[in-house]
Amino acid sequence: DGSKWRFLEHKGPVFAPLYEPMPDKVKFYYDGKPMKLSAPAEEVATFFAKMLDHEYTTKDIFRKNFFKDWRKEMTSEEKTKITDLNKCNFSEMNEYFKAQSEARKQMSKEEKQKIKEENERLLQEYGFCLMDNHKERIGNFRIEPPGLFRGRGDHPKMGMLKRRIRPEDIIINCSKDSKHPKPPPGTKWKEVRHDNKVTWLASWTENIQGSIKYIMLNPSSRIKGEKDWQKYETARRLKKCVDRIRTQYRDDWKSKEMRIRQRAVALYFIDKLALRAGNEKEEGETADTVGCCSLRVEHIKLYPKMDEQEYVVEFDFLGKDSIRYYNKIPVEKRVRLQHLFHSISSASPICTLFPSFHSRCPLQTSILNKHLQELMDGLTAKVFRTYNASITLQQQLKELASDDSLPAKILSYNRANRAVAILCNHQRAPPKTFEKSMQNLQTKIDEKQNQLSAARKQLKAAKADHKASHDDKSKKAVELKRKAIQRIEEQLMKLQVQATDREENKQIALGTSKLNYLDPRISVAWCKKWDVPIEKIYNKTQREKFAWAIDMAEKDYEF
DNA sequence: ACGTGGACTTGGAAGAACTTGT
DNA sequence: ACAAGTTCTTCCAAGTCCACGT
C-alpha cells in the first residue's frame with residue numbers, strides 16, 4: 001500500500017558545532033592593515049581561508065559569489081571598508097588552520113583515543129533508529145555544517161555561502177506513538193510529522209538550489225536493501241525481454257514518424273553506450289552537463305568513413321559531475337539514420353540532438369520512460385545501465401574464470417569490474433601519488449627479480465655440490481633451494497599482478513559500479529564457485545550493504 | 001498534458017583510519 | 001615508533017524518476 005514502515009523512533013540529527021571565534025593573535029588584513037571582523041563576517045571569512053590552497057579560490061565565479069555572500073554577513077562599517085576581495089589577506093587564518101590540523105595529527109595516543117570514544121558515544125546515541133522492531137544504522141545523522149558551496153565543473157553557484165542549519169529549519173519524521181526527538185534546549189523543530197509513505201527521518205531545505213536534503217538510513221538497512229534487491233530483479237526481468245525490445249527499436253529506426261525514430265535512436269544509445277537518460281535542467285542554475293535526451297548537436301560528430309569503418313559517431317560531452325564522455329562508435333547499418341545525418345549537418349550546434357519538428361517539444365526523458373513502461377513493467381532508462389553493467393560482469397567473469405592462484409583470480413575479478421566501469425564511464429582523477437607508487441612497486445619487482453636469479457644461482461651451486469658429494473645433507477640443501485625459488489616466484493607474480501592491476505586502474509573508478517550497478521549475487525556466486533573469500537571482493541561496509549545477497553546466492557546463481 | 005517539487009539513487013573527492021616497511 | 005602509502009568512510013553534489021496539482 002506504499003507505506004514504508006509501521007513504527008519509527010529516533011533521536012533527531014546532530015547539529016554542526018558552533019562557530020569558535022579566531023584567537024586575537026590571528027589577524028585578518030585588509031589592504032595590508034589588520035582588521036578585527038565581527039563574528040558573523042569572521043566565520044564566513046574562515047570558510048574561504050580554509051580553502052586558500054584549493055584551486056577553487058582562484059576561480060572568478062567562485063570569488064565573485066563568495067564576496068557577494070560574504071558582504072551580506074558584514075556589519076555596515078565592514079561593508080563600507082571591505083570592497084575588494086583582492087585586498088583581503090586571509091593567510092594568517094589559513095596558517096592557523098593548518099597548524100591546528102598538524103596539532104591534531106601530533107596528539108598523543110590518549111587524546112586521540114578520547115576523541116574516538118566521544119565519536120563512538122555520539123554514534124551510539126544518534127546513529128541508530130528503531131524501525132519496525134529493528135535497530136537500524138542511520139546513514140547521515142549529522143547536519144551538514146555551513147561552508148562555501150563547491151559545485152563540480154563550471155558551476156555558476158560555486159563559492160556561495162551554504163548557511164547554517166538550525167532546529168527551526170528541520171522537519172522531523174517519526175511515528176506518532178514513538179518517543180519524539182527533542183530539539184536542543186530553547187529551540188523548536190520546524191515541524192514534526194508522521195508520514196510512513198516516505199523513508200526519511202529528518203529533512204531541511206538547502207539554500208543554494210532550494211532543494212531538500214534528507215537524513216535517511218544506512219545502505220545496510222532493511223529498507224535500502226529491499227529496494228536494492230528489487231532494482232536488480234527489475235534488471236533481470238529486462239534480461240528476459242531485452243531481445244524483443246532491441247528488435248523493436250531497430251524496427252523503429254525505419255518508422256515514418258520522426259518522433260518514433262528519434263526515440264528509437266535515443267534508446268539505442270542508452271542501451272549500447274549505457275548513457276544516462278538526460279533530464280532537462282534549468283539553464284544557469286547548474287553546470288552545463290547532458291545525458292542522452294539532452295545531447296546537443298555540438299556534442300556529436302559524424303564521420304561517413306573513418307579508418308576502416310563506415311559511419312562512425314563521435315561523442316564528446318560532459319556528463320554527470322562534469323565527467324567527460326568521449327567515445328567513437330561505428331553505428332549499425334540501419335541506424336545510419338537518414339534523419340540523424342540530415343538534421344545534424346544543417347542544425348545549429350546548440351540545438352538538441354533530438355528536436356521535434358512536428359510536435360512542439362524535443363524528446364524528453366518522461367516520453368522515453370513512458371514508452372519503456374509500455375514495453376515492460378517498471379522499465380525506465382536507468383534499468384538499462386543496471387542490466388548492461390550486471391550482464392557484462394557476469395559474462396566477463398565467465399570468460400576470465402581460471403584455476404589460477406588467488407591473486408590472479410582477483411585480478412580477473414577486478415578486470416571484469418573494470419570493463420563495467422569503462423562501460424559506465426566511471427572515471428577518477430589519477431591519484432596524486434600514482435607515479436610514485438608505481439615506481440615503488442617497480443623497484444620491488446626489480447628487487448624480487450634479482451633475488452630470484454640469486455636464488456637460482458644458489459640452486460645450481462647446491463646441485464653441483466650434491467652431484468659431487470651425493471650425501472643427504474646436500475640433497476636437502478637442493479630441496480630447500482627449490483622451495484625458496486618457488487616462494488620467490490610466487491611473490492614476484494603477486495607483485496606483477498598488482499602492478500598490472502594498478503596501471504590499468506589509473507583513471508578508472510571501480511567503486512560506483514560495484515556499489516550501485518553490479519548485482520552482488522553475481523560476485524557472491526563467483527566467490528563461492530572459485531573458492532575466493534568474500535572479504536577479498538567486498539570490504540566490511542560492502543558486506544553489510546550486500547548482506548542480503550551473501551545470504552541468498554549460491555554458486556550456481558545466474559543473473 | 002505538463003510542469004514542478006519531492007524522494008530517492010548515484011557520483012567522485014576528501015578526509016580518516018589502518019597497514020606496511022624501515 | 002613513525003612516516004608513507006593504501007584503503008575505507010564520509011561527505012554532499014548531482015543525477016533519475018514519480019506523484020501531484022493545475
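Chain identifiers are assigned alphabetically (A, B, ...) following the order of the sequence lines, protein sequences preceding nucleic acid strands; residue numbering begins at 1 within each chain.
- In this model, the phosphate group of dC18(B) is approached by a side-chain N or O of K116(A) to a distance below 4.0 Å at OP1 or OP2.
- For N388(A) and dT10(B), the CG to P distance is 15 Å, given to the nearest whole Å.
- Counting any heavy atom pair closer than 4.0 Å across all strands shown, F149(A) reaches sugar-phosphate atoms only and no base atom.
- OP1 or OP2 of dA7(B) has not a single side-chain nitrogen or oxygen of T199(A) nearer than 4.0 Å.
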Give the B/S/- string for nucleotides 16-22 of chain C, one per nucleotide from 5' to 3', where a protein heavy atom under 4.0 Å of the base yields B, of only the sugar-phosphate yields S, and otherwise -. BBS----
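- Ranked by how close their nearest DNA chain C nucleotide is to the 5' end, S322(A) and K540(A) are led by K540(A).
- Across the protein-nucleic acid pair, N140(A) atom CG and dC12(C) atom C1' stand 9 Å apart, rounded to whole Å.
- Between K231(A) and D195(A), the residue anchored nearer the 5' end of DNA chain B, judged by the nucleotide with its closest heavy atom, is D195(A).
- The six-membered or imidazole ring of H155(A) lies near that of F149(A), with a centre-to-centre distance under 6.0 Å.
- By the 30° and 60° cut-offs, the orientation of the rings of Y214(A) relative to W200(A) is tilted.
- Looking at heavy-atom distances under 4.0 Å, R104(A) makes no contact with the nucleic acid at all.
- Using a 4.0 Å heavy-atom criterion, one finds that Q427(A) contacts the sugar-phosphate atoms exclusively.
- Going from atom CD1 of I215(A) over to atom C1' of dC8(B) covers 15 Å, rounded to whole Å.
- Between the side chain of K224(A) and the base of dT9(B), no donor-acceptor pair of N or O atoms lies under 3.5 Å.
- Atom-to-atom, NZ of K197(A) to P of dA7(B) comes out at 13 Å; the value is rounded to the nearest Å.
- Considering only side-chain N and O atoms, H54(A) lies nowhere under 4.0 angstrom from the phosphate OP1 or OP2 of dA13(B).
- Checked against dA14(B), dC12(C), dG12(B), the side chain of K213(A) finds its nearest nucleotide in dC12(C).
- Between F546(A) and Y538(A), the gap from one ring centroid to the other is short of 6.0 Å.
- With rounding to whole Å, H426(A) atom NE2 is found 5 Å from dG12(B) atom P.
- Rounded to an integer number of Å, the gap from K320(A) NZ to dT10(B) C1' is 4 Å.
- Under the 6.0 Å cut-off for aromatic ring centres, H299(A) and Y325(A) do not qualify, their centroids lying 6.0 Å or more apart.
- Here the side chain of K281(A) is nearest to one of dC18(B), dC12(C), dG15(C), namely dG15(C).
- Put simply, CZ on R142(A) is 16 Å from P on dG15(B), counting in whole angstrom units.
- Side-chain proximity of W200(A) to the nucleotides dC8(B), dC12(C), dG11(B) is greatest for dC8(B).
- Within the 4.0 angstrom heavy-atom criterion, no nucleotide atom of any strand lies near K105(A).
- Proximity note for R137(A) (side chain, C-beta onward) versus dT10(C), dC11(C), dC8(B): the nearest is dT10(C).
- Among the atoms of the strands shown, none is found under 4.0 Å from any heavy atom of I208(A).
- Between the P atom of dT9(B) and the CG atom of D321(A) lies a distance of 17 Å, rounded to the nearest Å.
- When distances run from any side-chain atom of Y517(A) to the nucleotides dC18(B), dG12(B), dG11(B), the shortest one goes to dG11(B).
- Classification of the F66(A)-W70(A) ring pair by plane angle, with boundaries at 30° and 60°, yields parallel.
- No engagement by K370(A) is indicated, since no non-hydrogen atom pair under 4.0 Å with the nucleic acid exists.
- Checking K320(A), R276(A), K281(A) one by one against T289(A), the side chain to side chain donor-acceptor pair (under 3.5 Å) holds for a single residue, K281(A).
- Within 6.0 Å of atom CD in E118(A), more than 12 heavy atoms from other residues, nucleotides or ligands are found, so the atom counts as buried in its surroundings.
- Contact annotation for A287(A): no contact, since no heavy-atom pair falls under 4.0 Å across all strands.
- The environment of CD in Q124(A) is crowded: more than 12 heavy-atom neighbours from other residues, nucleotides or ligands sit within 6.0 Å.
- How far CZ of R521(A) is from CZ of F559(A): 8.0 Å, rounded to the nearest 0.5 Å.
- Phosphate contact (OP1/OP2 of dT6(C), side-chain N/O of R502(A), threshold under 4.0 Å): present.
- Counting any heavy atom pair closer than 4.0 Å across all strands shown, R543(A) reaches no nucleic acid atom.
- In plain terms, the two heavy atoms of N207(A) and L161(A) that are nearest each other are ND2-O, 2.9 Å.
- Among the atoms of the strands shown, base atoms are found under 4.0 Å from some heavy atom of R152(A).
- Mapped onto DNA chain B by nearest heavy atom, Y214(A) and L515(A) fall at different nucleotides, with Y214(A) at the one closer to the 5' end.
- Residue contacts for S203(A): at a heavy-atom cut-off of 4.0 Å it reaches no nucleic acid atom on any strand shown.
- Within 4.0 Å (heavy atoms only), T286(A) reaches no atom of the nucleic acid at all.
- Within 4.0 Å of P219(A), counting heavy atoms only, lies no atom of the nucleic acid at all.
- Nucleic acid contact for K157(A): none, since no nucleic acid atom lies under 4.0 Å from a heavy atom of the residue.
- Checking the phosphate oxygens (OP1, OP2) of dG12(B), a side-chain nitrogen or oxygen of T512(A) falls inside 4.0 Å.
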